[in-house]
Number of protein chains: 2
Amino acid sequence: MKLVITDNLTAIQKATYLFFNNLTQPADYCQIMEHLDKIGLKVNKTTVYRNLNTLLVENKITELDFGEGKKRYELRQNHHHHLVCNQCKKIECFEIIQDLHQQEAEIAKNTEFKITSHVLEFFGTCKVCQA
Amino acid sequence: MKLVITDNLTAIQKATYLFFNNLTQPADYCQIMEHLDKIGLKVNKTTVYRNLNTLLVENKITELDFGEGKKRYELRQNHHHHLVCNQCKKIECFEIIQDLHQQEAEIAKNTEFKITSHVLEFFGTCKVCQA
DNA sequence: GTGGTTGCAAAAGGTTTGCATCTGT
DNA sequence: ACAGATGCAAACCTTTTGCAACCAC
């Protein structure tokens, strides 16, 4: 779900929106700052975090945690999971695992736990790094 | 796999080992410090982290990340997953999801990604908090 | 005395907060 | 003038590091 860039946005916000629209894998706040820097916008990290927070509460982006001690962000989109390469750190997406929702329902039934979300991430070595 | 408490351990280490042996859900470094405090051992956080690190490299405990901005630790044991209650923060364990490994193999085949590990955690509301 | 353990202070990152300033309408 | 956006400094929290002190054998 690409972000719509409207006229009432500031230059920083437009650049941030564009950044997300062109993003190929989840980015952390540093990558956002570096990108803004690169296109000539010197932006404070506070501003970056505030804009991220706005996008989060508007439900336009998602916060991800791969256990790196920091958060990553990507456009909210169809539910999917990630393949994280331990070597080059590349992150690929892939679509839903069939049955996972069914199994979720089963777990919920067995444990009387009402499941509202899950995190499923795979770690390993990507094709390139295997070579 | 309970930790074996041997004579060559220090008092702090013995208490930490016992803490892990009695642990019912993953703990963060604060909970470890609080426990040591409670039994009269004033311990520095550096020491806690260092002992955690030793246990990690010895492969006796596992590091978990539920996206809280900090790590949690538990005894290494049979592969399992967690049900995390968003309200009371209680963490339950449950056993392997059948098929997940099979699906993992399938994903690996389709993506040419060599999967070495995965993270699967469920979030929701536990039975008690639903009441 | 040597190695391993601990404490302390500091630093490194990521993230948040308070407050003042700026900008556009 | 007002609301919203930004910058800046400081703080907070988790985690790590360097160094000195300590303890046990």
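All chains are named by letter (A, B, ...) in the order of the sequence lines, taking the proteins before the strands, and each is independently numbered beginning at 1.
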[X] [atom1] - [N] [atom2] separation (whole Å):
{"X": "B:D7", "N": "C:dG4", "atom1": "CG", "atom2": "C1'", "value": "17 Å"}
{"X": "B:L9", "N": "C:dT5", "atom1": "CG", "atom2": "C1'", "value": "12 Å"}
{"X": "B:Q13", "N": "C:dG4", "atom1": "CD", "atom2": "P", "value": "12 Å"}
{"X": "A:K14", "N": "D:dT6", "atom1": "NZ", "atom2": "P", "value": "12 Å"}
{"X": "B:N8", "N": "C:dG4", "atom1": "CG", "atom2": "C1'", "value": "11 Å"}

Do the side chains of [Y] and [X] get nearer than 4.5 Å, heavy atoms only?
{"X": "A:R72", "Y": "A:I91", "result": "yes"}
{"X": "B:L55", "Y": "B:Y17", "result": "yes"}
{"X": "B:F20", "Y": "B:K60", "result": "no"}
{"X": "B:V119", "Y": "A:F123", "result": "yes"}

| request: Check A:M1 against A:L75 and note the closest heavy-atom contact, atom names and distance. | output: O-CD1, 3.7 Å

| task | Specify the closest pair of heavy atoms between A:L23 and A:Y73, including all atoms of both residues, with the distance to one decimal. | result | CD2-O, 3.6 Å

| remark: Per the under-4.0 Å heavy-atom filter, residues of residues 35-51 of chain B near DNA chain C come out as B:K42, B:V43, B:N44, B:T46, B:T47, B:R50, B:N51

| Which residues within residues 52-75 of chain A lie with some heavy atom under 4.0 Å of an atom in DNA chain C? | A:G69, A:K70, A:K71

| query | Would one find a side-chain N or O of B:T10 under 4.0 angstrom from OP1 or OP2 of C:dT6? | reply | yes

| query | Are the side chain of B:Q130 and the backbone N or O of A:E112 linked by a donor-acceptor pair below 3.5 Å? | reply | yes

| message | Using modelled atom types and a 3.5 Å cut-off, is there a donor and acceptor pairing between side-chain atoms of B:K2 and backbone atoms of B:N21? | response | yes

